[in-house]
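Report on the structure given below.
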Amino acid sequence: MKQKINVGMIGLGTVGSGALRILRDNAELIRKRAGLPIEVVKIAVRDLSRDRGINVPASILTTNPREIVDDPNIDIVVELIGGYEPAKELILAAISRGKHIVTANKALLAVHGAEIHEAARRAGVMVGFEGSVAGGVPVIKALKEALAGNRILSIYGIINGTSNYILSKMTDEQRAFDDVLREAQRAGYAEADPTFDVGGIDTAHKLAILVNLAFGVPVNLKDIFTEGITAISPLDIEFGKTLGYKVKLLAIAKMHDGKVEARVHPTMVPDEYPIAKVGGVYNAIQIVGDACQDIMLYGRGAGSLPTGSAVVADIMDITRQIESKPATQAASVNSAPTLQPMDSISSVYYFRLMALDQPGVLSQISGILGRHRISIAQMIQRGRKQGGSVPLVIMTHTALEHDIQKALVEIEALDCVTEKPVLIRVEGEEPA
Ligand SMILES: NC(=O)c1ccc[n+]([C@@H]2O[C@H](COP(=O)([O-])OP(=O)(O)OC[C@H]3O[C@@H](n4cnc5c(N)ncnc54)[C@H](OP(=O)(O)O)[C@@H]3O)[C@@H](O)[C@H]2O)c1
């Protein structure tokens, strides 16, 4: 029987300092709830002299993470440095030495999660990764425990705060993407290089983790269709409003006939859906299970204390289970469903074309759509500009992605279409 649990932390940045603060400030409560005291005995960083806004004895700081991985007295290694290497190598080395792992590293898990979980299963150790998706929102625990008796039917997530902040501002203030992005960078809501966030890659990383957990599909990141928000214009947001929709960057996973759809793209969501009301940097995940039906988790998807709270919960969970030696938690992939190719998904689609305001345009476009079995639910034409182009918006009935893409190529090649058409997928009820 252990007297206490020794934790080694690799990384003491935003998340690491939040986790350390919680472990200190709530030490007594954590001891009671976890059943044992938890002590952070060593912390690896790059720069020993950096002020972290938290007092750390110099004796427990090191610049060599190997001192943590190789220390036989450390029970749990908390990896909070991010990126692929040396994070992966350190985690695998710690696992091979029988240490349990806590990480918030979504990029690593999205790409190397299967290998890490398999190594942990073989070594009989646990891997906690609550902080990797939606920061302080306990979605991993919900899927693993609270909803464990359900077959998950679908997941819709707003799981990138930066993109949601930008889209919310563009919607509320009718401003352009670049303008809001610059403001978000100044306010610290967007990185200097925002590609991962606004390009949908960060959302795809998190979706890969969720799909693996919810459906047992070891999804390859490059098989997740990923489209970011950089091409979203205030004009499309305004048309969305007119039609009763908000534009959100959604991570979508659905189970159909033994196949799983997994995609990330800007999506028009009906105004009355709870997820359409999630604004600013907040995250939300709507999960539909066959028994629980639909639930929504909502909260702060990033930040020092919210993500630190998820990390601490994993440390406590492992502490509680260390003595009881539970079965490992890696998702079984036996008889796992397969991932559905993007071109075979079906959806309602919003198109915006910039087309010359001249006779015959509508019949050419509707002719192409008709030949590709795409039926029009609604059409809006704004403004009259003799000889110039005007926006033409088309909302389709449910159609196949494959047919839509074929039709788009033909429409874009028309002489009367003056700009690359905009396409946004639509969730919700089939339009009348
Ligand atoms: N920030 C969030 O809100 C958030 C939310 C969810 C998940 N995450 C994930 O959590 C992880 C940590 O993110 P973060 O925002 O806390 O990062 P961060 O603020 O950049 O902190 C990284 C820490 O790792 C240390 N470090 C980096 N490379 C190292 C190495 N080779 N050896 C030793 N220490 C090293 C750095 O040391 P120095 O301090 O000396 O430079 C720093 O303390 C990432 O995987 C991220 O994706 C972050």
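Order of appearance sets the numbers: ligands from 1, and atoms from 1 within every ligand.
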Enumerate, one pair per line, all nitrogen or oxygen atoms of ligand 1 lying under 3.5 Å from a protein nitrogen or oxygen, stating the separation to 0.1 Å; write 'none' if no such pair exists.
from, atom 1, to, atom 2, distance (Å)
ligand 1, 3 (O), G303, N, 2.7
ligand 1, 16 (O), T14, N, 3.1
ligand 1, 16 (O), V15, N, 2.8
ligand 1, 19 (O), T14, N, 2.9
ligand 1, 19 (O), T14, OG1, 3.1
ligand 1, 37 (O), R46, N, 3.2
ligand 1, 39 (O), R50, NH1, 2.4
ligand 1, 39 (O), R52, NH1, 2.6
ligand 1, 39 (O), R52, NH2, 3.3
ligand 1, 40 (O), R46, N, 2.9
ligand 1, 40 (O), D47, N, 2.7
ligand 1, 40 (O), R52, NH2, 3.0
ligand 1, 41 (O), R46, NE, 3.3
ligand 1, 41 (O), R46, NH2, 3.1
ligand 1, 41 (O), R50, NH1, 3.3
ligand 1, 43 (O), L12, N, 2.9
ligand 1, 43 (O), L12, O, 3.4
ligand 1, 43 (O), G13, N, 3.1

key: Verdict with reasoning, V426 to L243, per side chain to side chain contact (heavy atoms under 4.5 Å, CB included)   = CA-CA 11 Å; V426 180; L243 293 160; over 6 Å; no
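- With no hydrogens or angles considered, no side-chain donor-acceptor pair links Q321 and H100 at under 3.5 Å.
- Between Y165 and Y189, the ring-plane angle classifies as tilted under the 30° and 60° cut-offs.
- In the model, T62 has no side-chain atom that pairs as donor or acceptor with a side-chain atom of N64 under 3.5 Å.
- Between the side chains of N105 and Y84, no donor N or O sits under 3.5 Å from an acceptor N or O.
- Using modelled atom types and a 3.5 Å distance limit, the side chains of E401 and Y349 yield a donor-acceptor pair.
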